[in-house]
Every structure is written in structure tokens, then in C-alpha cells.
Q: 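Attaching a single structure in C-alpha cells format; questions to follow.
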Amino acid sequence: MNSEQQYIELYQQAREMIFSHAPEVMNAVRDEAFEDFRKQGFPSKKVERYKYTDLQKLFAPDYGVNLNRLEIPVDPYEAFRCDVPNLSTSLYFVVNDMFYRDDKPKGHLPEGVIIGSMRDNPEQVAKYYAKLARTSEDAITALNTMLAQDGLFVYVPKNVKVDRAIQVINILKATPQNAQRQVSDLMVNRRVLIILEEGAEIKMLFCDHAADDRNFLATQVIEAYVGENASLDLYCLEETHYKNVRVSNVYIDQQANSRVNHNVITLHNGFTRNKLDLTFSGEGAECQCYGCVIADKEQHVDNNTLITHKVSHCTSNELYKYVLDDKSTGAFAGRVLVEHGAQKTISQMTNQNLTATKEARMYTQPMLEIYADDVKCAHGSTVGQLNDAALFYMRQRGISLDEAKVLLQNAFINEVIDHMQLEPLRDRLHYLVEKRFRGELNKCTGCKLCK
């Protein structure tokens with residue numbers, strides 16, 4: 001059986017159940033997504049944007065899916081404890097793919113701001129849902145759209161600024177059973193829709209954690225519409241475990257003079273594949289995209305980006321850094337597309353990587369595709385090892401080899417972290433990155449259920 005066949009049969013057999021537990025706005029595009037998935041199937045490594053990750057292999061196991069929406073027996077406040085104080089955020093939880101409704105964060109939201117379940121906001125969601133994330137163009141997006149039954153909805157009205165950062169904790173927790181059998185492994189399909197009207201501002205931090213020692217497969221689709229003169233800071237931090245497979249697609253549309261700061265941080269994982277599609281639809285917009293990856297053992301992290309300059313006078317900047325140890329594998333493929341008429345474009349793409357062992361592998365492919373003649377665009381990538389002269393210098397001054405490696409790796413990654421605008425998060429990441437390099441971050445930080 002092909003990897004996709006089990007999902008095709010699952011949908012055909014459980015369609016009525018899926019529809020009965022999902023809002024109409026999501027059901028309206030579900031059958032179309034199913035047909036798109038059936039036509040495409042999972043992309044092979046021969047497909048350019050998926051050449052570094054074997055999705056057919058990752059989706060082959062038979063995962064349980066909580067389509068009947070059984071109650072999840074977990075208190076997220078007990079399952080998650082942030083061990084770094086003063087992060088000062090408004091805290092929300094998504095347990096697997098369900099917005100946690102039992103308690104509200106203590107922080108007060110400005111008037112008109114909505115953070116909640118998609119099913120509770122059908123009219124606003126219907127205007128934007130599945131418009132950016134086109135199922136005909138990506139099989140993972142199609143699979144997520146045909147199976148997702150709820151999602152997180154974020155709306156900020158015109159000229160409203162949300163001063164306090166919004167932190168969303170995504171907790172993976174295996175349910176005790178579904179309608180057919182005991183669940184040992186679990187597939188989760190998360191959905192996020194972010195709408196920023198003209199002049200709106202918000203900072204959002206998504207943290208992925210696992211609260212069970214189980215095999216998890218998580219697909220995620222984030223759609224973000226950033227209106228004219230609006231500002232979105234979007235941070236995605238993964239601290240799961242080696243049994244976790246995470247496939248995330250992020251779609252962002254920017255209008256005139258908007259600003260986006262997108263950061264993806266992988267500190268601990270199993271197999272991770274992140275895709276970012278960002279489009280400039282209005283002049284004068286700017287995006288800053290940063291990523292840092294720390295991997296060891298046999299972990300795999302693949303970041304794939306596409307930034308499309310459709311109009312003139314827009315600026316994009318990308319900086320991704322990897323530190324790979326043991327037999328880990330990293331991949332970065334970034335493409336900047338400057339379309340006809342997108343004059344005065346400024347774009348810089350940089351990917352720098354350290355491989356600490358001979359067995360670690362890094363694949364890097366920065367690309368520029370330019371159809372305008374008045375632009376300033378550049379890209380570059382490096383793959384190397386720790387500087388022997390620097391190690392020797394530190395050893396001569398009484399620093400052990402292991403400590404010297406930690407200090408140099410920290411300095412290498414800190415360039416990415418220092419670009420982050422959310423100061424408490426910067427401090428927290430400096431702390432967590434150092435723990436990671438010292439081998440002290442082997443499971444979700446503060447997760448009582450994993451200990």
C-alpha cells in the first residue's frame with residue numbers, strides 16, 4: 001500500500017464523523033482538499049521542494065487519529081512549566097489540535113482582539129480560511145485541510161496594538177483510545193489562521209512540546225494575512241523528542257508597508273520539515289526571516305523557504321544557522337523570486353552551518369530567480385567545522401576541549417538569537433541553547449509527564 005492510500009481510505013470511511021465534529025467553514029473546502037490529495041499523493045524526493053525529506057516514509061506508519069474528538073485527559077498547566085521566569089506573555093494552550101477552553105489567560109486583550117477556536121468565529125474565518133494555503137499546490141496542505149477539525153483563530157482589528165506577547169503552547173498528548181482501538185501513536189493536524197487588519201500589531205510565540213513518550217506525527221498549516229502598515233512577529237520554537245515527526249507549512253501575505261519578523265527555532269526533535277511561503281503583495285513591505293537548528297543523534301531538520309517579490313520597493317532578509325552533531329542531517333533550500341516589475345527589490349539570503357562530526361550531513365541550496373533589472377539581491381552559504389585555531393587558543397588558556405566547543409557553538413548560534421525582537425525570549429533562548437549544547441535538554445523543558 002502506498003503511504004497515501006491509508007489516508008485516502010481513512011477519509012472515505014470516516015468522512016461523516018469528520019464532518020460532524022468540525023465547523024462548516026472547514027467542511028466547505030474539505031472534499032476539494034481530499035480530491036487534491038488523492039491526485040497528488042505524497043511528494044517523492046524527486047520533487048524539488050521535497051528533495052531532502054522522504055515524506056512517503058514518514059507518513060507510512062499507521063498512526064491513530066482522534067476524529068471522534070474524545071476528551072484529552074491532561075491539564076496543560078500541569079503538563080507545561082516554563083523554567084525561565086519573566087517571559088511575561090498571555091498564555092494559551094492547544095492540546096493536540098483542540099483549543100483549550102477550560103481557562104482563560106490572565107492577560108487582558110484590547111477591545112476587538114480575538115484569540116480562540118475557529119468554530120467560535122465562523123464568519124471571520126470564512127473570509128480567509130484556505131485562501132493562502134492552496135491545497136492544489138501542496139499535498140501536506142491538502143492532507144491537513146481534509147483532516148483538520150478545529151484550529152486557532154487570531155484576529156487583530158484596525159490600528160490595534162497588542163502590547164503583551166501571545167504565547168501558544170502546542171501540547172502533544174496521546175489519547176487513551178479512539179473509536180476503534182487503543183492508541184499507541186497519534187497523528188495531529190493543527191490549523192492556525194492569523195488576521196491583522198491595517199495598522200495592527202501583535203507578537204506571537206508558538207512552542208511545541210510533547211507530554212507522552214509516544215510516536216507523534218504532527219502536521220501544521222499557518223495562514224497569516226498582514227494588512228497595510230501592520231506588524232507581525234511570529235516565533236516558532238520546537239522542543240519535543242526524538243519520536244516526534246513535525247511537518248509545518250507557513251503561508252504569509254504582506255500588504256503595503258507591512259512588517260513581518262518570522263523566526264523558527266529547533267532545539268530538540270525527531271524529524272522536522274518546515275516550509276515558509278511568503279508573498280509581498282503591497283509595496284514598501286519588509287520581512288526578516290531567521291532560523292536556528294541544533295541537532296544530534298539521528299535527528300533531521302529541513303527548512304524550505306520561498307519569498308516572492310510581486311511588487312516593487314520590498315525588502316527581505318534571511319539568516320539560517322545549523323549546528324549538527326553525531327549522525328544528524330540538516331537541509332536548507334531557500335528561493336527568492338523577483339517577478340517582472342518588482343523593481344527596487346532588496347534581498348539577502350544567508351545560510352551558515354557547522355558540522356561537528358564526519359557523519360553529520362548538511363545540504364544547502366540558496367537560489368535567486370530574478371525577472372527585474374533594478375534590484376540588489378545576494379545569497380551565500382557555508383558548511384564548515386569548528387575553528388581549530390580558536391580551539392587551540394582556548395585550550396592553551398586552560399579551557400577544556402568540551403567547554404571550548406560549547407563556547408564556540410554558542411557564539412555561532414547567538415547571532416540568530418540576538419536578532420529576535422522579543423527580549424524575554426532572547427534571554428530564554430540563550431539559556432536553553434547553552435543547556436542544549438551541554439546535553440541537558442533531552443526532553444521538553446518543564447514537562448512533568450515526561451520525567
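Note that the structure is a prediction, hence the values are computed from the model and not measured.
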Q: With a 6.0 Å cut-off (strictly less than), is the heavy-atom count around CD of Glu298, excluding the residue itself, greater than 12?
A: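 Counting other residues, nucleotides and ligands, CD of Glu298 stays at 12 neighbours or fewer.
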Q: Is a donor from one side chain sitting under 3.5 angstrom from an acceptor on the other, for Asp418 and His430?
A: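 Judged by distance alone, the side chains do pair up.
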Q: Rounded to the nearest 0.5 Å, what separation is found between the CG atom of Leu306 and the OH atom of Tyr251?
A: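 These two atoms lie 10.5 Å from each other.
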Q: If you compare all heavy atoms of Thr345 against all heavy atoms of Cys377, which two are closest, and at what distance to 0.1 Å?
A: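 Reported closest heavy-atom pair: CG2-SG, 4.1 Å.
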Q: With side-chain contact (heavy atoms from CB on, under 4.5 Å) as the criterion, how do Tyr225 and Leu193 come out once you've worked through the C-alpha distance, each side chain's angles and the decisive distance to 0.1 Å?
A: CA-CA 8 Å; Tyr225 295 81; Leu193 178 60; 4.0 Å; yes
Q: Give me the ring orientation class for His300 and Phe271: parallel if the planes are under 30° apart, tilted from 30 to 60°, perpendicular past 60°.
A: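 If you compare the ring of His300 with that of Phe271, the planes turn out parallel.
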Q: Atom CG of Asp253 and atom CZ of Phe280: how far apart are they, to the nearest 0.5 Å?
A: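 Here the interatomic distance stands at 10.5 Å.
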Q: Just checking, any donor-acceptor pair under 3.5 angstrom between side chains of Thr272 and Asn269?
A: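 Yes, a side-chain donor-acceptor pair sits under 3.5 Å.
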Q: Yes or no on side-chain contact (heavy atoms from CB on, under 4.5 Å) for Tyr242 and Lys297, after CA distance, side-chain angles and deciding distance?
A: CA-CA 9 Å; Tyr242 72 98; Lys297 302 180 178 65; 5.7 Å; no
Q: With no hydrogens and no angle check, do the side chains of Gln299 and Ser328 hold a donor and an acceptor under 3.5 Å apart?
A: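 There is no such pair between these side chains.
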Q: Inspect the surroundings of NZ in Lys131 and state if more than 12 heavy atoms from other residues, nucleotides or ligands are less than 6.0 Å away.
A: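 More than 12 heavy atoms, drawn from other residues, nucleotides or ligands, come within 6.0 Å of this atom.
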Q: Could you tell me whether Asp208 and Arg190 have a side-chain N and a carboxylate O separated by less than 4.0 Å?
A: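 Salt bridge between Asp208 and Arg190, a charged N being under 4.0 Å from a carboxylate O: yes.
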Q: Do Thr145 and Val221 touch side chain to side chain, with heavy atoms closer than 4.5 Å?
A: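 No. Closest side-chain heavy atoms not under 4.5 Å.
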Q: Tyr290 versus Ile417: any side-chain heavy-atom pair under 4.5 Å?
A: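 Answer no - side chains too far apart.
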Q: Take Leu337 and Lys310 through the test side-chain contact (heavy atoms from CB on, under 4.5 Å) and record every step on the way to the result.
A: CA-CA 8 Å; Leu337 172 61; Lys310 296 180 66 175; over 6 Å; no
Q: Can you tell if the side chain of Tyr235 reaches within under 4.5 Å of the side chain of Gln421, non-hydrogen atoms only?
A: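 Counting from C-beta outward, Tyr235 and Gln421 do come under 4.5 Å.
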Q: Can you tell me how far the CG atom of Asn170 sits from the OG1 atom of Thr240, to the nearest 0.5 Å?
A: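 Answer rounded to 0.5 Å: 11.0 Å.
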Q: Mind listing the closest non-hydrogen atom pair of Ile399 and Ala404 along with its distance?
A: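 Heavy atoms only, the tightest pair is CG2-N, 3.7 Å.
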Q: Would Arg438 and Glu403 satisfy salt bridge (Lys or Arg N to Asp or Glu O under 4.0 Å), going step by step from the backbone distance to the final call?
A: CA-CA 9 Å; Arg438 295 185 185 281; Glu403 183 67 16; 2.8 Å; yes
Q: When you compare the side chain of Leu422 with that of Asp233, does any pair of heavy atoms fall below 4.5 Å?
A: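 Of all side-chain heavy-atom pairs linking Leu422 with Asp233, none is under 4.5 Å.
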Q: What pairs with Asp150 under salt bridge (charged side-chain N to carboxylate O under 4.0 Å, His left out), at least two apart in sequence or on another chain?
A: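 Asp150 satisfies salt bridge (charged side-chain N to carboxylate O under 4.0 Å, His left out) with Arg119 only.
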Q: With side chains defined as the heavy atoms from C-beta onward, is the minimum distance between Leu354 and Leu386 less than 4.5 Å?
A: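 Leu354 reaches Leu386 side chain to side chain.
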Q: Indicate yes or no for a side-chain donor-acceptor contact from Gln220 to the backbone of Arg246 under 3.5 Å, with no hydrogens or angles considered.
A: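 Such a contact is absent between Gln220 side chain and Arg246 backbone.
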Q: Suppose the criterion is salt bridge (charged side-chain N to carboxylate O under 4.0 Å, His left out): which pairs have a residue in residues 334-353, not counting sequence neighbours?
A: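 Non-adjacent pairs meeting salt bridge (charged side-chain N to carboxylate O under 4.0 Å, His left out): Arg335-Glu369, Lys344-Asp374.
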Q: Check whether any side-chain N or O of Gln255 sits under 3.5 Å from a backbone N or O of Glu198 as a donor-acceptor pair, and report yes or no.
A: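 Absent.
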Q: Tell me the ring-ring contact (aromatic ring centres under 6.0 Å, His included) pairs involving residues 345-368, sequence neighbours left out?
A: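 The answer is Tyr52-Tyr363.
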Q: State the CG-CZ distance between Asp325 and Phe437, to the nearest 0.5 angstrom.
A: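 These two atoms lie 9.0 Å from each other.
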Q: Could you give all pairs that pass the ring-ring contact (aromatic ring centres under 6.0 Å, His included) test and reach residues 148-172, with sequence neighbours left out?
A: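 Qualifying pairs, neighbours excluded: none.
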Q: Please tell me if the side chains of Gln365 and Glu48 come closer than 4.5 Å, counting only heavy atoms from C-beta onward.
A: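 Yes, at least one pair of side-chain atoms sits under 4.5 Å.
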Q: Do Thr219 and Asn189 have side-chain N/O donor and acceptor atoms under 3.5 Å apart?
A: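 Distance-only check passes for Thr219 and Asn189.
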Q: Taking Asn121 for the side chain and Gln124 for the main chain, is one N or O donor matched with an acceptor at less than 3.5 Å?
A: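 No, the answer is negative, given that no donor and acceptor are paired below the 3.5 Å cut-off.
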Q: For the residue pair Ala342 and Ala372, what are the closest heavy atoms and their distance?
A: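 Heavy atoms only, the tightest pair is O-CB, 3.8 Å.
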Q: Can you name the closest pair of heavy atoms from Pro23 and Gln149 and give their distance?
A: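 Scanning both residues, the minimum pair turns out to be CD-O, 3.3 Å.
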Q: Leu172 versus Asn96: any side-chain heavy-atom pair under 4.5 Å?
A: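 Yes; the side chains approach each other to less than 4.5 Å.
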Q: With sequence neighbours excluded, tell me which residues meet side-chain hydrogen bond (donor to acceptor under 3.5 Å, both in side chains) with Ser316.
A: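 By the side-chain hydrogen bond (donor to acceptor under 3.5 Å, both in side chains) rule, Ser316 matches His309, Ser347.
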Q: Let me see the working for Asp213 and Lys243 under salt bridge (Lys or Arg N to Asp or Glu O under 4.0 Å), right down to the final yes or no.
A: CA-CA 8 Å; Asp213 186 21; Lys243 295 182 179 180; 3.3 Å; yes
Q: Begin from the C-alpha positions of Asp296 and Arg436 and carry the test salt bridge (Lys or Arg N to Asp or Glu O under 4.0 Å) through to its verdict.
A: CA-CA 10 Å; Asp296 56 15; Arg436 180 68 172 90; 2.9 Å; yes
Q: Is there side-chain contact between Thr329 and Leu324, with heavy atoms separated by less than 4.5 Å?
A: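 Counting from C-beta outward, Thr329 and Leu324 never come under 4.5 Å.
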Q: Salt bridge between Asp212 and Lys173, side-chain N to carboxylate O under 4.0 Å?
A: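 Yes, charged N to carboxylate O under 4.0 Å.
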Q: May I have all residue pairs that pass side chain to side chain donor-acceptor pair (under 3.5 Å) and include part of residues 352-362, sequence neighbours excluded?
A: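 Listed once each, the pairs are Lys321-Gln352, Asn351-Asn353.
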Q: Using 0.5 Å steps for rounding, measure from the CG atom of Asp138 to the CG atom of Asn249.
A: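 Going from the CG atom of Asp138 to the CG atom of Asn249 covers 4.5 Å.
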Q: Show your working on side chain to side chain donor-acceptor pair (under 3.5 Å) between Tyr320 and Glu318 and close with a plain yes or no.
A: CA-CA 7 Å; Tyr320 282 73; Glu318 293 180 81; 4.9 Å; no
Q: We want to know whether Asn317 and Gln348 form a side-chain donor-acceptor pair, criterion being a heavy-atom distance below 3.5 angstrom.
A: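 Looking only at side-chain atoms, Gln348 and Asn317 do not form any donor-acceptor pair under 3.5 Å.
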Q: If you compare all heavy atoms of Met349 against all heavy atoms of Pro366, which two are closest, and at what distance to 0.1 Å?
A: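 For Met349 and Pro366, the tightest heavy-atom pair comes out as SD-CB, 3.5 Å.
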Q: Which distance, rounded to the nearest 0.5 Å, do you find between the CG of Leu267 and the NZ of Lys435?
A: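 Reported value, rounded in 0.5 Å steps: 10.5 Å.
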Q: Is Lys275 salt-bridged to Asp302, going by a charged N under 4.0 Å from an acidic O?
A: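 No, Lys275 and Asp302 are not salt-bridged.
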Q: Evaluate the criterion side-chain contact (heavy atoms from CB on, under 4.5 Å) for residue pair Arg428 and Leu237; output intermediate values, then yes/no.
A: CA-CA 11 Å; Arg428 180 185 188 215; Leu237 170 63; 3.6 Å; yes
Q: Quick one: does Glu239's side chain have a donor or acceptor within less than 3.5 Å of a partner on Cys207's backbone?
A: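 Side chain of Glu239 to backbone of Cys207: no pair is present.
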Q: What are the two closest non-hydrogen atoms of Ala130 and Glu223, and how far apart are they?
A: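 Scanning both residues completely, I find the closest heavy atoms to be N-OE1, 3.0 Å.
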Q: Check whether any side-chain N or O of Tyr129 sits under 3.5 Å from a backbone N or O of Met118 as a donor-acceptor pair, and report yes or no.
A: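 No, Tyr129 side chain to Met118 backbone: no donor-acceptor pair under 3.5 Å.
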Q: Under 3.5 Å, is there a donor-acceptor pair linking the side chains of Glu201 and Ser231?
A: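 Glu201 vs Ser231: no donor-acceptor pair found between side chains.
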